Every structure is written in C-alpha cells, then in structure tokens.
*Asks:* 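My structure is below; once you've seen it, I'll send some questions.
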Amino acid sequence: MVDAYKLDCESEAGDCRFIIQSENELEAVELAKNHMQEDHGRDYSDDELREEHLQVV
C-alpha cells in the first residue's frame with residue numbers, strides 16, 4: 001500500500017477547510033507551502049510543514 005501525504009489546513013487556520021492529499025511528498029509540501037503563503041500570508045519551510053503539519057495516511 002502506498003503512503004499518502006495529507007495536510008488539513010483547518011488544524012492550522014480554524015476557518016479554512018483546504019485539504020491537500022498526494023502520494024508524492026514533495027508535491028504535497030509544495031502545494032501546502034503555496035497555500036499557506038498565498039491564502040494565509042504565512043511562510044513555512046519545507047521542514048516545518050513536514051514536522052508540524054504533514055500527516056502520512
């Protein structure tokens with residue numbers, strides 16, 4: 001079974017329902033990084049996203 005990588009933005013920004021899910025970790029991190037910057041004005045490093053927000057499902 002292949003791992004999928006998921007970021008549920010609601011856990012970071014309570015009023016946001018944006019969910020990213022991908023089998024490609026790099027893609028999930030990049031999409032999450034772009035979303036957080038463009039929609040919430042927050043900059044996260046790849047490592048911050050992986051350690052604090054990205055879930056393996």
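Here the structure is a predicted model, which is why all the values come from computation and not from measurement.
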*Asks:* Determine whether Arg50 and Val29 make a side-chain contact, defined as any pair of heavy atoms from C-beta on separated by less than 4.5 Å.
*Replies:* yes
*Asks:* Is there a side-chain contact (heavy atoms from CB on, under 4.5 Å) between Cys16 and His40 once you walk through the steps?
*Replies:* CA-CA 9 Å; Cys16 184; His40 300 292; 3.6 Å; yes
*Asks:* Tell me, do Glu25 and Val56 make a side-chain contact under 4.5 Å, heavy atoms counted?
*Replies:*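 No. Closest side-chain heavy atoms not under 4.5 Å.
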*Asks:* Is Tyr44 close to Gln37 at the side-chain level, that is, under 4.5 Å between some pair of heavy atoms?
*Replies:* no
*Asks:* Relative to the ring of His35, is the ring of Phe18 parallel (under 30°), tilted (30 to 60°) or perpendicular (over 60°)?
*Replies:* parallel
*Asks:* Considering only heavy atoms from C-beta outward, does the side chain of Ser45 approach that of Lys33 to under 4.5 Å?
*Replies:*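 Contact flag for Ser45/Lys33 side chains = no.
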*Asks:* Sequence neighbours left out, what passes side chain to side chain donor-acceptor pair (under 3.5 Å) with Glu30? Give chain and number order.
*Replies:*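 With sequence neighbours excluded, Glu30 shows a side chain to side chain donor-acceptor pair (under 3.5 Å) to no residue whatsoever.
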*Asks:* Which value, rounded to the nearest 0.5 Å, describes the distance between Met36 atom CE and Glu48 atom CD?
*Replies:*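 Met36 CE to Glu48 CD: 10.0 Å, rounded to 0.5 Å.
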*Asks:* If you look at every heavy atom in Ile20 and Leu31, which pair is closest and at what distance?
*Replies:* CD1-C, 3.5 Å
*Asks:* Side-chain contact, heavy-atom cut-off 4.5 Å: Tyr5 with Asn24?
*Replies:* no
*Asks:* Any chance you could measure Leu7, atom CG, to Ile19, atom CD1, to the nearest 0.5 Å?
*Replies:*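 Answer rounded to 0.5 Å: 9.0 Å.
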*Asks:* Taking the side chain as every heavy atom from C-beta outward, state whether Leu54 and Leu49 have any atom pair closer than 4.5 Å.
*Replies:*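 Counting from C-beta outward, Leu54 and Leu49 never come under 4.5 Å.
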*Asks:* Can you tell me how far apart OG (Ser22) and NZ (Lys6) are? Round to the nearest 0.5 Å.
*Replies:*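 It comes to 13.5 Å.
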